[in-house]
Every structure is written in C-alpha cells, then in structure tokens.
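Please read these numbers as outputs of a predicted model, since none were measured by experiment. Proteins get letters first, then strands, A, B, ... in listed order; numbering begins at 1 in each.
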Amino acid sequence: MKKRPNNRVQNNISKPVHYWLLKNEEADYSIADFQRDNTAEWNGVRNFQARNYIRTMHMGELFLYYHANGNPSGAAGVGKIISEPHADPTQFDTKSIYFEKRATKESPVWSTVRVQFVAQFARVVSLSEIATSARLKGILVARRGQRLSVMPISQTHFAHIRTLGMRSA
DNA sequence: GCCAACGTTGGC
DNA sequence: GCCAACGTTGGC
C-alpha cells in the first residue's frame, strides 16, 4: 500500500487551501456593510477569469476584503468562504442587471459563493503601502492593469497584510 | 473627470 | 480566427 503524502490535509486530499482577495467599491458595500450583514452572497461577478477562481474556492477559505475606489483604496478586513461554489441566481433574473441570456439552469454561466464577515482591520492597509512593501513583492493586486474583483493571494502575503491591518497605526 | 489597461462583442 | 469598436474597472 502506498503511503499518503504527509503534506496533504487528511479528508481533503484534492483540495488545496487557497487565500483570496475580494474587491468591492467602498461606496457600494464597505467592510462596515459586510459586518452589519454578517453573511452575503458574492453575486454579480461577470468576468470569466474571476468566475474560474470562484469555481476553485472551498468552504472555510479566507480572503482579504478590499475597498476599491476607497479613501484610501486597500485591504480593510477579512472574510471567509462559507459555501461551495454554485450558480449565481441573479443570472436567471430577467429584471436584474446581472441577467445572463445564455444561462440555463442546466448549464449556468456564472458562479457565486456565500461569504461571512470575520474581522475589520484597525486600519486600512492601503494599496500604496502594499505596492511598496518588499515583503509583498509580486502581489497581484499591485500589478499594473490588474482589475479582477477576485484574485488569489499567497498564504504569506495574506498573513502579512492581516498583521499590518490588525496593528493600529 | 481623466485615462490606461484591460475584456467582450460582432462583422468579416 | 482577426481585430476594431466599445464597455468596464479602478487608481489618481
């Protein structure tokens, strides 16, 4: 019998743990709104690359909550994925701005996950701070032209930004 | 409001 | 499959 590699999590062999960065405009849905609601459906993603990332998400994974168009823009807190990926219901709603005429119940086009508020940072870790940090070199959110609302982030970068955010300025 | 850097659409 | 036109994102 082959021995199971010991660098995998038991009962979860084919599911690597990801960390994510999820964006919302601060004026549309801030970390305070997220905290008030406690949970939310991450509906309305209409970009194929972002959708493909959503489809690799797993329950329990953590993400940085990022304020786009913020004052300043940056990481404002932490949330958690609390469902497996599933069809975004707004794609079937003819009255929704997210309606998708190509979508059918049998083969949906867009995916979503349910998310839960975990923590608000003591301070926003600004994009300029992220972009200039040597320890965050290569981070996707600071890359020029990067506009995805859902992107992966390394465990190391996630942990570092969380440490910065939890510490008062 | 400007505009760079994309992604998407549709004619051919 | 190419690519021009158009739409969107998001920092500034």
Nearest heavy atoms of A:T112 and A:W42, plus distance in Å
OG1-O, 2.7 Å
How close or far is atom C1' of B:dC3 from atom CG of A:N69, stated in whole angstroms?
14 Å
Test: A:E84 and A:R114 ion pair at under 4.0 Å
no
Return the orientation label for the A:F34 and A:F117 ring planes: parallel under 30°, perpendicular over 60°, tilted otherwise.
perpendicular
Within this structure, what is the CZ-to-P distance between A:R143 and C:dG11, rounded to whole angstrom?
16 Å
Test: A:K105 cationic atom under 6.0 Å from A:F92 six-membered ring centre, within 45° of axis:
yes
Please report the distance, rounded to the nearest Å, between CZ in A:R46 and P in C:dC6.
25 Å
Tell me which of A:K101 and A:Q146 sits closer to the 5' end of DNA chain B, going by the nucleotide each one is nearest to.
A:Q146
Can you figure out which of B:dG7, C:dG11, B:dT9 approaches the side chain of A:A68 most closely?
C:dG11
With nearest nucleotide decided by heavy atoms, which residue, A:E100 or A:G145, maps closer to the 5′ end of DNA chain B?
A:G145
Kindly say if A:Y66 contacts the phosphate of C:dG11, meaning a side-chain N or O under 4.0 Å from OP1 or OP2.
yes
Any idea which of B:dT8, C:dG11, B:dC6 is nearest the A:F48 side chain?
B:dT8
